Number of protein chains: 2
Amino acid sequence: MTKQAGALTLTDLTAGTPCCPPLARQRVPAETAALLAPAFKALGDPVRLQLMSMIASAPGGEACVCDLTPAFELSGPTISHHLKTLREAGLVDAERRGTWVYYRARPGLLRQLATLLTMDTPAET
Amino acid sequence: MTKQAGALTLTDLTAGTPCCPPLARQRVPAETAALLAPAFKALGDPVRLQLMSMIASAPGGEACVCDLTPAFELSGPTISHHLKTLREAGLVDAERRGTWVYYRARPGLLRQLATLLTMDTPAET
DNA sequence: CGTCTAGGTTGACAGTTGTCGAAACAGTGT
DNA sequence: ACACTGTTTCGACAACTGTCAACCTAGACG
């Protein structure tokens, strides 16, 4: 499949390929919305939002599942499920090193989302 | 109920009360997550993301439902339901003027979300 | 008043999501 | 090989979500 102009993929977004001017500057096309909405959806759960924050703010930029799980009153499988959701949304990456699995934030997509929500468009002359 | 220190409400957030340093800078507390996650959740649907954009980018800063509805292949009640979700998340405001209802973006909460997602960590490998 | 139009609300339905316990998988160490 | 620990997958279930058809409300206009 050859790359088509204008047809962005999740891979492009996590890689940081520019795609999205702020929400308020121009109307988000349906394709873009379909691509970005899942990322917002993934952040739309309090547990996942905290997980995302714990991972992104962890020293060294990565967090061990063994440190994440005990921070919630939830079962291991449930935390694992939420982490999978974040992974599939392209927001984090997982890597196994020996016994433990480490999660790391993917800044590319997060930056896209932040840009999209930017409201400082008072009057772009 | 008297106002407690540190207990933020949705009203505070839409008003733009500062609350949230970037996700990656410090761990988001459970209370904050519970307060902000619904906003992300509201944006986590392609239709609502487009609606939000159409409203925020509309000339004059407001959009009439009569202009929003025909932009989708969805029934009126469905669009109305999505708009209600955005309203309850604190992302938009509605105002009836005569026959028509106009929606307007509430920049306060959007700015909070954008700040939260900001990644000022230049490390990208 | 009556009627028309623009939106919102209600009720119902299929599909999805959050959660857990049980089981499976991956690595370490004995 | 075996047992032990950490993590993910599977199967199940209640709760929630997106959608529509039907109905209701608000305002405009005779």
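Here the structure is a predicted model, which is why all the values come from computation and not from measurement. Below, all heavy atoms of this structure are taken into account, side chains as well, without hydrogens, waters or symmetry copies. Per chain, numbering begins at 1; letters A, B, ... match sequence-line order.
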* Asked: B:Ser75 side chain N/O closer than 4.0 Å to the phosphate oxygens (OP1, OP2) of D:dC20?
  -> yes
* OP1 or OP2 of C:dG8 sitting under 4.0 Å from any side-chain N/O of B:Tyr103? -> yes
* Residue-phosphate contact under 4.0 Å: B:Thr99 side-chain N/O, C:dA6 OP1/OP2 -> no
* Residue B:His81, side-chain atoms from C-beta onward, closest of D:dG18, C:dT9, C:dG7 -> D:dG18
* For the side chain of B:Arg48, starting at C-beta, report the closest nucleotide among C:dG7, D:dG6, D:dG18. => D:dG18
* To do: Could you please name the option among D:dT7, D:dT9, C:dA6 that lies closest to any side-chain atom of A:Pro77?
  => D:dT9
* So how far is it from A:Trp100 CH2 to A:Cys64 SG, rounded to the nearest 0.5 Å? -> 7.0 Å
* **Nucleotide nearest B:Arg87 (side chain, heavy atoms from C-beta), chosen from C:dG18, D:dT7, C:dT9** => C:dT9
Side-chain polar contacts of residues 35-43 of chain B - donor-acceptor pairs under 3.5 angstrom, sequence neighbours left out - could you list them?
none

* Within less than 4.0 Å of OP1 or OP2 of C:dG8, is there a side-chain N or O belonging to B:Arg96? -> no
* Asked: Within the structure shown, what part of the strands sits under 4.0 Å from B:Arg97 by heavy-atom distance: base, sugar-phosphate, or nothing?
  -> nothing
* Indicate, with a heavy-atom threshold strictly under 4.0 Å, whether B:Gly98 touches base, sugar-phosphate, or nothing. => sugar-phosphate
* Asked: Among D:dG18, C:dG18, D:dT7, which nucleotide sits nearest the side chain of A:Cys66?
  -> D:dT7
* **salt bridge (charged side-chain N to carboxylate O under 4.0 Å, His left out) between A:Asp93 and A:Arg106, worked out** => CA-CA 7 Å; A:Asp93 245 351; A:Arg106 294 178 71 81; 2.5 Å; yes
* Asked: OP1 or OP2 of D:dT19 less than 4.0 angstrom from a side-chain nitrogen or oxygen of B:Thr78, does that happen here?
  -> no
* Quick one: is D:dT17 close enough that its OP1 or OP2 comes under 4.0 Å of any side-chain N or O from B:Lys41? -> yes
* Asked: Which nucleotide in the set D:dT7, D:dA28, C:dG7 lies at the smallest distance from any side-chain heavy atom of A:Val101?
  -> D:dT7
* Any idea which heavy atoms bring A:Ala89 and A:Leu109 closest together, and the distance? -> O-CD2, 3.0 Å
* Indicate, with a heavy-atom threshold strictly under 4.0 Å, whether B:Leu74 touches base, sugar-phosphate, or nothing. => sugar-phosphate
* Is it true that a side-chain atom of A:Ser53 and a backbone atom of B:Gln26 form a donor plus acceptor pair closer than 3.5 Å? -> yes
